[in-house]
Number of protein chains: 2
Amino acid sequence: MPKRRILPYVLLGLINNKGELSGYQISQEFKNEVGDFWHASHSQIYPELARMKDDGWVKDKDDGKSTYYLITDLGHQVLRSWMEEPLQDNEELFSLKLYFVRDGNDPLLKILLKQELQLNQEKYAHLQDRLQEVFYNETEIKNNFGHYLILTRAIEREKNHIEWLKNKL
Amino acid sequence: MPKRRILPYVLLGLINNKGELSGYQISQEFKNEVGDFWHASHSQIYPELARMKDDGWVKDKDDGKSTYYLITDLGHQVLRSWMEEPLQDNEELFSLKLYFVRDGNDPLLKILLKQELQLNQEKYAHLQDRLQEVFYNETEIKNNFGHYLILTRAIEREKNHIEWLKNKL
DNA sequence: CAGGACATGTAAACCGTTACATGATTAA
DNA sequence: TTAATCATGTAACGGTTTACATGTCCTG
């Protein structure tokens with residue numbers, strides 16, 4: 001399967017959230033809030049915006065100083081359908097998509113939480129299996145102490161995350 | 001600053017842990033334990049091993065079936081100095097390096113924990129600042145609920161991690 | 001009027017994945 | 001004997017970063 005591109009959806013989400021944005025403003029966005037969850041450099045942003053315009057996801061509005069991009073009806077559909085796509089592999093997608101959910105009553109919120117819960121329960125089970133398989137006695141722990149530490153830490157981390165997710169559902 | 005390559009150090013660490021490994025065995029390693037913390041495909045591994053041999057980090061031993069690689073004295077130095085380099089940017093480096101620390105009494109263990117603690121305290125402070133800046137009242141929370149959720153989740157996550165690190169120090 | 005921020009763009013290099021190839025060995 | 005696993009390699013493609021480039025506007 002060809003790896004899904006994420007950048008265009010991020011740009012679409014940002015433009016949708018703010019109403020209109022120029023390429024420069026988008027690159028500034030990545031230095032602020034959304035920067036904690038995703039990043040892109042201006043050399044990616046400008047060509048991507050051009051492509052999105054070609055595809056009819058956005059339309060542009062030039063005031064002579066900057067070119068601002070606004071989301072089109074098609075863009076709305078594309079964004080929504082991406083948001084509704086099941087989460088997979090990429091760990092950061094959950095945070096990123098959640099960032100774009102503005103309304104606490106949007107049903108997407110619960111859907112995302114449920115999907116993430118599912119993924120994390122699988123991961124938790126997988127890590128527990130590893131722990132059983134690899135560290136079956138004290139000697140193994142002693143001889144691979146760093147591995148033991150991060151594995152138990154990863155398990156704790158998943159547990160915390162699962163608890164948080166359940167709590168929000 | 002040019003971004004540091006990590007792959008050669010991972011291969012070096014694996015070879016060092018196991019004594020000797022063929023390219024194929026390394027690719028299998030990534031399907032097992034270390035696969036939870038790092039990954040590389042065989043098309044990266046083989047050329048990288050050749051480069052490492054050219055650089056004198058490893059030497060090879062061919063039994064007609066497979067080519068096995070062993071770490072050299074230079075390789076040991078390179079690995080150790082990489083392990084001692086301060087952690088930075090890349091979040092996964094902490095787990096990865098810890099994976100290579102086998103002896104619980106290796107002073108590197110505490111050094112890594114301290115470095116990670118430092119990084120995480122900075123990140124925690126940064127996220128707290130964001131929370132204060134962006135969500136100064138209930139309206140902001142209501143209008144950006146997804147962002148609020150992941151930001152508070154990220155803060156909780158850092159807090160848990162910091163507690164764990166302190167506990168292990 | 002100089003330096004920094006605004007604003008946009010392309011080119012090169014780098015790293016990683018997927019696909020393309022090939023051949024030996026082993027187990028059903 | 002044929003399919004799976006072992007074993008190694010290169011080529012093509014895609015996405016990201018860094019560097020190269022250029023010009024405007026605003027502020028001290």
Side-chain angles (χ1 to χ4, degrees), chain A residues 1-12 14-15 18 20-32 34-35 37-55 58-70 82 88-93 96, chain B residues 1-12 14-15 18 20-32 34-35 37-55 58-70 82 88-93 96:
Chain A
M1 57 201 128
K3 206 172 179 181
R4 286 302 302 269
R5 301 199 62 217
I6 294 165
L7 181 63
Y9 304 101
V10 179
L11 302 191
L12 213 46
L14 288 172
I15 292 166
K18 301 283 173 177
E20 63 176 64
L21 285 172
S22 67
Y24 185 77
Q25 287 177 318
I26 289 174
S27 71
Q28 295 310 105
E29 285 289 308
F30 286 118
K31 289 179 184 157
N32 297 322
V34 73
F37 309 102
W38 201 266
H39 185 259
S41 59
H42 82 272
S43 60
Q44 279 183 285
I45 295 166
Y46 291 112
E48 191 61 52
L49 286 170
R51 247 170 276 140
M52 290 162 70
K53 190 190 153 195
D54 283 351
D55 293 347
V58 292
K59 57 191 169 199
D60 60 345
K61 191 190 81 178
D62 198 311
D63 70 353
K65 228 179 206 174
S66 293
T67 307
Y68 297 91
Y69 292 85
L70 295 91
W82 174 73
Q88 49 191 6
D89 32 79
N90 197 321
E91 289 214 16
E92 295 151 299
L93 274 188
L96 183 63
Chain B
M1 54 200 132
K3 206 172 181 181
R4 287 301 302 269
R5 300 200 63 217
I6 293 166
L7 182 63
Y9 304 100
V10 180
L11 301 191
L12 214 45
L14 288 172
I15 292 166
K18 301 282 174 178
E20 62 176 64
L21 284 172
S22 67
Y24 185 78
Q25 287 177 317
I26 290 174
S27 72
Q28 295 310 106
E29 285 290 308
F30 286 117
K31 290 180 185 160
N32 296 323
V34 73
F37 309 103
W38 201 266
H39 185 258
S41 58
H42 81 273
S43 60
Q44 278 184 285
I45 294 167
Y46 291 112
E48 192 60 52
L49 286 170
R51 247 171 275 140
M52 289 162 69
K53 190 193 153 193
D54 284 350
D55 292 347
V58 291
K59 57 190 172 204
D60 59 347
K61 193 189 80 178
D62 198 310
D63 70 352
K65 227 178 209 177
S66 293
T67 308
Y68 297 91
Y69 291 86
L70 295 89
W82 174 73
Q88 49 190 5
D89 30 78
N90 197 321
E91 290 214 17
E92 294 151 298
L93 274 187
L96 183 63

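Worth knowing before you read on, the calculation uses all heavy atoms, side chains too, and leaves out hydrogens, waters and symmetry mates.
Look at CD1 on A/Ile45: it is 14 Å from C1' on D/dG15, rounded to the nearest Å. With rounding to whole Å, B/Trp38 atom CH2 is found 7 Å from C/dG16 atom P. A/Asp62 places its CG atom 14 Å from the C1' atom of C/dC6, with the value rounded to the nearest Å. Here D/dT8 presents its P atom at 16 Å from CD of B/Glu48, a figure rounded to the nearest Å. When rounded to the nearest whole Å, the span between CZ of A/Arg51 and C1' of D/dT16 equals 12 Å. Following rounding to the nearest Å, A/Asn90 (CG) and C/dG16 (C1') show an atom-to-atom distance of 14 Å. Atom CG in B/Leu21 sits roughly 15 Å away from atom C1' in D/dC6 (whole-Å rounding). In this structure, CZ of A/Phe30 is placed 17 Å from C1' of C/dA7, rounded to the nearest angstrom.
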Identify the pairs formed between an N or O of the protein and an N or O of nucleotides 8-12 of chain C at a distance under 3.5 Å, and give each distance.
residue: C/dT8; atom: OP1; partner: A/Thr67; partner atom: N; Å: 2.9
residue: C/dT8; atom: OP2; partner: A/Tyr24; partner atom: N; Å: 2.9
residue: C/dT8; atom: OP2; partner: A/Tyr46; partner atom: OH; Å: 3.1
residue: C/dG9; atom: N7; partner: A/His42; partner atom: NE2; Å: 3.3
residue: C/dG9; atom: O6; partner: A/His42; partner atom: NE2; Å: 2.7

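When side chains are defined from C-beta on, B/Ile15 counts as touching B/Leu49, because their heavy atoms get closer than 4.5 Å. B/Tyr9 places a side-chain heavy atom less than 4.5 Å from the side chain of B/Arg4.
In this structure, the side chain of B/Tyr46 engages the main chain of B/Tyr24 through a donor-acceptor pair within 3.5 Å.
At the phosphate of C/dT17, OP1 or OP2 sits under 4.0 Å from a side-chain N or O atom of B/Ser41. The side chain of B/Arg5 places no N or O atom within less than 4.0 Å of a non-bridging phosphate oxygen (OP1 or OP2) of C/dC14.
Taking the salt bridge (charged side-chain N to carboxylate O under 4.0 Å, His left out) definition, one finds that A/Glu48 meets it with A/Arg5, A/Arg51, sequence neighbours left out. With sequence neighbours excluded, the residues satisfying side-chain contact (heavy atoms from CB on, under 4.5 Å) with B/Lys65 are B/Asp63.
Using cut-offs of 30° and 60° for the angle between ring planes, the B/His39 and B/Phe30 rings count as perpendicular.
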